[in-house]
Amino acid sequence: MFRRVLLAILTGIAVFLVPWTVYLGLTLPEHFDTSQWRVAWVGFDIVLLLCFAASVLLGMRRSRAAVPMLAATAALLCCDAWFDVVLDWGGSDQWASLGTALLAEVPIAVFLMLRARALLAGNARPRALTMHDITVRTNPNYQRLLRLMPATSAELRAQLPSIDVPAALLTLTHAGYTRRARDGRWHSVPQSTNEAKLEDYPEEDRPKLAAYLDAKYDHEVRLMAWAVEHRDTFDDWTAGSRAGMRLSYKDLKEFQKEYLELVHRYAARKPGPAEEARDLAVRFYAFPEPKPAELA
C-alpha cells in the first residue's frame, strides 16, 4: 500500500513539474540581482564540504550509510557544475567554469556514483560455472592457498613447502581467483557462479560436472548435520533465519541477486586483528515447499 502511495506521489510531482518548468522558462527574467549571492554560494560549498567529510568518515567505518552519502555528494557536484557553467556563461569566467566542470566536478561525481554502486552491489558478478572452476575448487592445494590469503609469496611457500606455490598462484590468477596487491601480498578474489545445469554443458563434461555437484551437496548435508550436532558449542558465533515466502520466479531471482550483493559487500570488508574475525560458513537455499507427505 505504502509503495503505491509513494509511486503515485512521485508520479504526480513529475507531471506537475512539466508545466511548472515551461512556465518558468517563459516568465523568468534573463537577469536578476540578489543581495544574498555570497551567502548562497558559501553555504552551498559548506554543505558540499560536509558531504565529503561525512563520506570519508562513513567510508572509514565501512558503514552502509556511505552509499547514500556518496550519491548525495555526486548530485551536489553536478549541481555545482551546472550553476557554475550557466551563471558564468558569457562572462570572463566562462571557460574556467566549463573546464572545472568537465575536468573535475563531473568526473568526480561519476566516480562517486560508481563507488556507491560498487559498495551496494559488491565486486563479484554472477557468471556461469566452468570446468576450470571445478578443477580449482576440487584441488586441495589451491584451496589451502586461498585460505591462507592475504599473504606474500614467501609466506605461502613457508607455510606450504610441499606445493609449487608460484605455479599454483599463476594458475589461480589466470582463473581469476587471486590478485597481487601493490604491497606484494596475494589476495583471493570473490567468486559468484550460477547454479549449474547438466543440459547446459557439452556431453563430455557432464560426468565430471555431475560428480562435482553430487560431492558438493553431500558436503553441504554433512556440514549442516555437523552444525546441528555442535550448535551449543559456537557461543554467540551463530546466526540463522527461516522464512516461507510465496514468490514468482522473477521475485526469487531478484531476492537471490540482492542476497549475493550483500554477501559480496561484507566479504570485501577487511577484518581487524585475527582474534576479532572468524571464518564463517554462510549458506542460502530456496526451494519449493514440500508437501507433508513428501517429508514422511
Side-chain angles (χ1 to χ4, degrees), residues 62 114-115 117-224 226-227 256-257 259-274 277-285:
R62 299 187 181 278
L114 291 176
R115 288 308 305 158
R117 176 68 176 85
L119 290 174
L120 186 64
N123 294 323
R125 297 291 182 269
R127 58 177 177 79
L129 178 75
T130 66
M131 304 310 294
H132 203 73
D133 291 319
I134 294 177
T135 299
V136 170
R137 296 178 184 183
T138 56
N139 187 308
N141 290 337
Y142 294 154
Q143 296 306 306
R144 291 167 68 187
L145 273 174
L146 292 171
R147 283 194 293 270
L148 291 174
M149 296 179 184
T152 64
S153 298
E155 292 171 342
L156 293 172
R157 287 196 299 269
Q159 296 186 66
L160 301 172
S162 61
I163 298 177
D164 186 352
V165 172
L169 289 174
L170 182 62
T171 299
L172 290 171
T173 302
H174 286 167
Y177 279 76
T178 58
R179 64 175 179 85
R180 190 176 185 180
R182 294 181 179 178
D183 60 1
R185 291 160 64 86
W186 289 90
H187 296 256
S188 61
V189 178
Q191 301 292 320
S192 178
T193 54
N194 295 320
E195 185 63 25
K197 297 181 180 179
L198 293 178
E199 59 268 23
D200 296 334
Y201 292 79
E203 191 72 32
E204 62 271 17
D205 292 336
R206 292 179 184 179
K208 184 177 181 180
L209 176 61
Y212 167 77
L213 294 176
D214 289 343
K216 170 187 171 182
Y217 286 112
D218 177 69
H219 171 75
E220 293 297 305
V221 171
R222 289 187 287 109
L223 178 65
M224 291 301 297
W226 176 87
Q256 181 184 20
K257 180 181 178 182
Y259 166 79
L260 290 175
E261 290 177 349
L262 182 66
V263 169
H264 296 155
R265 181 154 54 83
Y266 274 84
R269 290 188 172 190
K270 297 179 181 179
R278 297 182 63 177
D279 291 328
L280 299 177
V282 181
R283 299 294 187 271
F284 160 71
Y285 291 108

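These values consider heavy atoms only, across backbone and side chains, with no hydrogens, waters or symmetry-generated copies.
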### Task
State the CE-NE2 distance between Met149 and His187, to the nearest 0.5 angstrom.
9.5 Å
### Results of ring pair (Phe, Tyr, Trp, His ring centres under 6.0 Å) for Phe284 - residues two or more places apart only
Phe255, Tyr259
### Message
Please give me the minimum heavy-atom distance between Ala168 and Ile163, naming the atom from each residue.
### Response
CB-CG2, 4.4 Å
### Task
Output every pair passing salt bridge (charged side-chain N to carboxylate O under 4.0 Å, His left out) with a member in residues 209-219, not counting sequence neighbours, ordered by first then second residue.
Glu195-Lys216, Asp218-Arg222
### Query
Are any side-chain N or O atoms of Gln191 and backbone N or O atoms of Gly176, one a donor and one an acceptor, separated by less than 3.5 Å?
yes
### Message
According to side-chain hydrogen bond (donor to acceptor under 3.5 Å, both in side chains), who are the partners of Lys257, at least two apart in sequence or on a separate chain?
### Response
none
### Query
Which residues satisfy the side chain to side chain contact (heavy atoms under 4.5 Å, CB included) test with Ala167, sequence neighbours excluded?
Asp164
## Note on the structure
Taken in chain and number order and not counting sequence neighbours, the residues that satisfy salt bridge (Lys or Arg N to Asp or Glu O under 4.0 Å) with Arg206 are Glu203
#### Entry: Leu198 to Ala210 - nearest heavy-atom pair and separation
CD2-N, 3.9 Å
### Message
To check you understand the geometry: which heavy-atom pair defines the closest contact between Ser188 and Leu146, and what is its length?
### Response
CB-CD2, 4.0 Å
### Summary
Closest non-hydrogen atoms of Tyr142 and Thr171, given as atom of the first, atom of the second and distance, are OH-CG2, 3.5 Å
### Task
Check side chain to side chain contact (heavy atoms under 4.5 Å, CB included) between Ala175 and all other residues, then give those that pass, not counting sequence neighbours.
His132, Val136, Tyr177
#### Entry: Closest contact, heavy atoms only, Ser153 versus Val165
O-CG1, 4.4 Å
#### Entry: Residue pairs fulfilling salt bridge (charged side-chain N to carboxylate O under 4.0 Å, His left out) with at least one residue in residues 126-151, sequence neighbours excluded
Arg127-Asp133
### Task
Under the side chain to side chain contact (heavy atoms under 4.5 Å, CB included) rule, collect the residues that match up with Asn194, sequence neighbours excluded.
Pro126
### Query
side-chain hydrogen bond (donor to acceptor under 3.5 Å, both in side chains) with Thr138: which residues, sequence neighbours excluded?
none
### Task
Using side-chain hydrogen bond (donor to acceptor under 3.5 Å, both in side chains) as the criterion, list what pairs up with Arg182, not counting sequence neighbours.
none
### Summary
Leu209 and Met131 have their tightest heavy-atom pair at N-CE, 4.2 Å
### Query
Is any side-chain heavy atom of Asp205 closer than 4.5 Å to a side-chain heavy atom of Ile134?
no
### Summary
The side-chain hydrogen bond (donor to acceptor under 3.5 Å, both in side chains) partners of Thr178 (sequence neighbours excluded) come to Thr173
### Task
Please list, chain by chain and in numerical order, all residues satisfying side chain to side chain contact (heavy atoms under 4.5 Å, CB included) with Met224, sequence neighbours excluded.
none
### Query
What distance separates Gln159 CD from Leu145 CG, expressed to the nearest 0.5 Å?
10.0 Å
### Task
Would you confirm whether Tyr201, through its side chain, and Leu129, through its main-chain N or O, come within 3.5 Å as a donor-acceptor pair?
yes
